Amino acid sequence: RSIQNLNYDYTLRVELRGPLPGGKGGYGSLLRSMKPKAKADENYEACRDLSGRRLRHVNNQERLREWR
């Protein structure tokens, strides 16, 4: 049969009961068991500011002004 020939006058209700296969735990416990592999990066010198300059260059200019 094709989809065009289906009779939509009848409604079929299907209810599935019972446990789903998969074992104990779930995705949440998997995520909690995983430890972060890399620490958070605190070096933002390769980023750019709103004017497009690298923060490394901005920080170096400030250090140079303080040194003078």
Side-chain angles (χ1 to χ4, degrees):
R1 291 181 107 177
S2 67
I3 291 181
Q4 291 84 13
N5 297 336
L6 289 178
N7 187 354
Y8 291 104
D9 294 336
Y10 301 103
T11 303
L12 177 64
R13 181 177 173 177
V14 177
E15 192 171 320
L16 302 175
R17 293 183 180 210
L20 296 174
K24 295 192 293 185
Y27 192 64
S29 64
L30 176 68
L31 291 177
R32 281 192 301 274
S33 70
M34 292 176 55
K35 295 187 173 138
K37 294 182 180 180
K39 64 178 184 172
D41 193 9
E42 296 177 5
N43 183 4
Y44 297 105
E45 289 191 339
C47 297
R48 296 181 185 268
D49 63 3
L50 293 177
S51 63
R53 298 182 306 167
R54 293 237 182 241
L55 292 181
R56 173 184 327 119
H57 302 304
V58 175
N59 293 340
N60 286 341
Q61 283 180 348
E62 289 177 10
R63 287 187 202 119
L64 186 60
R65 264 189 250 127
E66 290 174 5
W67 180 76
R68 286 184 184 176

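This is a predicted model, so every value here is computed, not measured.
- The hydrophobic side chain of V58 is isolated, with no ILVMFWY side chain under 4.5 Å apart from it.
- With sequence neighbours excluded, no residue forms a side chain to side chain contact (heavy atoms under 4.5 Å, CB included) with L50.
- The hydrophobic cluster containing Y44 also includes L55, under a criterion of side-chain heavy atoms closer than 4.5 Å among ILVMFWY residues, counted directly or through chains of members.
- Residue pairs that meet the salt bridge (charged side-chain N to carboxylate O under 4.0 Å, His left out) test with at least one member in residues 49-62, sequence neighbours left out, are D49-R53.
- Contacts of R63 classified as salt bridge (Lys or Arg N to Asp or Glu O under 4.0 Å), with partners at least two apart in sequence or in another chain: E45.
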